Amino acid sequence: MQLVLFVLFGLFAVLGGLIVVGNRNPIYSALGLVVALFSISALYVILGAYFVAAVQVIVYAGAIVVLFLFVIMLLNLNDRERLREQFTLRSVIGIVLGLVFVAVTGLTVWAVVHPGTGAAMPLSDVGHTKQVGRLLFSNYLLPFEVTSVILLAGMVGVLVLIRFHGRGHRS
Amino acid sequence: MLFLLIAQLVATLGKIVFLFAFVLTVVPLLVWAERRISAWIQDRKGPNRVGPAGLLQPLADLIKFLSKESFVPERAERFLYNLAPLLMLVPALMVGAVIPWSKPIPPDSWIGYWLSAVDWAPEGIPFQVIDVDIGILYFYALASLGVYGVILAGWAANNKYTLLGGLRASASMVSYELSLGLSVVVVLLMTGTLRINGIVDWQQGAWLVFYQPLACLTFMVTVFAENNRLPFDLAESEQELVGGYHTEYGGIKFALSMLAEYAHMAINSALIASLFFGGWRWFGLEDRLPWWATLLLFIGKALFFMFFFIWVRWTFPRFRFDQVIHLGWKVLLPMTLGNAIATAVALVLVERSGWPLWPVVMAGQVVVVAGAILGSTIQTRRLQARAAAS
């Protein structure tokens, strides 16, 4: 049963990813991203990590991609011709980063298949909400605080940008 | 063994069927009630011709919707146009899965006997489709997915009015999600659990609304905004945007988007009843009631909040768009954030000093409300001074 669900949602995730990169219409790409993120959160549920799954949906599918959609709709990026990408430096960097990603994923899979290397940790222990909270405020307090400060800085930055922009228009 | 598995499966399927049957029964009644109550508030008669007191009007409307042509506007994004009403409806129905409808069905009741619940659920069959660890976060996640139906319905129809309606609706939904989340955080702080069952159990003695009237108020306001109901229904504001994001929908697709709106209302009413008004509990009386009586009690509470939704809609005028965003970001967000901090401080104080819970928590809320009033007075003064200067 679990295997069936895993294969189903895994296929959905891959399909969503293919839609993201393969579709010329940016709206469909954003929706493919939602499908991929939602399927990945379903995979977290199968692993017993309910909290991570919920956060995945709330933060990524519920908030970030909505903002993507906003931007795409308001800029009216429907012009499919303009989106035809040439082979540039950007795509070279993209390919390199993609290879790094594949390597990291491969290493993780290797670590799981050959236990004892110490990289793998059963997700179901991490997934319980209480344990996540406890870990965040004990072992991982410093990364947690650093993340908060980065987010705060981003927020302040946005406010500053808006203010300057508004002033420039008014004067 | 096999029999027990089948019994569990039947129980789960039965609960799912109940959920769908409840929503699909309540929605036509709600549509009828909305029209009748609005008529009553505005001193008109309302639909009263089809069936007794007009009760069959929704059925007649449905026949009309079904027999209309199901068209797609020219140059609309066909696939997304057809998908959007479903994207609105599905999250609304899914949220119902975490609501506990009554106390566990005891093994000695006829359903418990028939499913031989003694063998697999000696405590009684919980009347809740899934009792997940993250209960309220599940609601929150699905509520945040509800945006897609609205935003896509507005965009796919290829009409600037529907696009504006969809963007407005999703802007207000995204803005109010923060305050919604922070109101829920207060509930979690008070009850110490994410499971809705646990939250209902916490309210055995007294409902949460008596401890946290402020959180209850902010939660209700944000739920109204999430639902795009008046006074927050800028998405629809007929005078400016024809009919909002579902202007271009007709026939059965329009009926589906209406169904989604009212299903949201029904499920959110049930959720308000569970989180703040004791769910299926009634000050300890529920221990003496049979399970179906607690079910009726809970449905009664939910129906009251549905009436409340309608009542508010026909009492308050619509806000302007900037007023809605102002209320969301400059009033509700600081208030809910302040309430979360005040409640956390109050709870730690109670734990450290052994003071009684109620006065400390209430004092925290009084401080927050006083701060909000002070802040808004200063802001109004400043704005008036600026207006006078220029």
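Side chains included, hydrogens not; waters and symmetry mates left out as well; all remaining heavy atoms used. Below, chains carry the letters A, B, ... as their sequence lines are ordered, and counting in each starts from 1. For clarity, every value in this text was computed on a predicted model and none was experimentally measured.
A:Leu69 places a side-chain heavy atom less than 4.5 Å from the side chain of B:Tyr148. When side chains are defined from C-beta on, A:Leu31 counts as touching B:Leu152, because their heavy atoms get closer than 4.5 Å.
In this structure, B:Leu142 CG and A:Ile58 CD1 are separated by 9.0 Å, a value rounded to the nearest 0.5 Å. Rounded to the nearest 0.5 Å, atoms CG (A:Asn25) and CD (B:Glu77) are 5.5 Å apart. The CZ atom of A:Phe51 sits 7.5 Å away from atom CG of B:Leu194, with the distance rounded to the nearest 0.5 Å.
Neither the backbone nor the side chain of B:Ala143 comes within contact range of chain A; no heavy atom of the residue lies under 4.5 Å from a heavy atom of that chain. With a threshold of 4.5 angstrom between heavy atoms, A:Ala61 approaches chain B through its backbone and through its side chain. Heavy atoms closer than 4.5 Å to chain B are found nowhere in A:Leu67, neither backbone nor side chain. Heavy-atom distances place no part of A:Val59 under 4.5 Å from chain B, backbone and side chain included.
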- request: Give the intermediate values and the outcome of side chain to side chain contact (heavy atoms under 4.5 Å, CB included) for residues B:Tyr138 and A:Val57.
  value: CA-CA 9 Å; B:Tyr138 171 88; A:Val57 172; over 6 Å; no

message: Checking A:Tyr50 against B:Leu137 for the side chain to side chain contact (heavy atoms under 4.5 Å, CB included) test, could you report, in this order, the C-alpha distance in whole Å, the side-chain angles of both residues, the deciding distance, and whether it holds?
response: CA-CA 9 Å; A:Tyr50 295 109; B:Leu137 284 181; over 6 Å; no

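For A:Tyr60, the OH atom is loosely surrounded, since the number of other residues' heavy atoms within 6.0 Å does not exceed 12. In the displayed structure, B:Tyr140 atom OH is contacted under 6.0 Å by more than 12 heavy atoms of other residues, nucleotides or ligands.
Here the closest non-hydrogen pair linking A:Met73 and B:Leu167 is SD-CD2, 4.3 Å.
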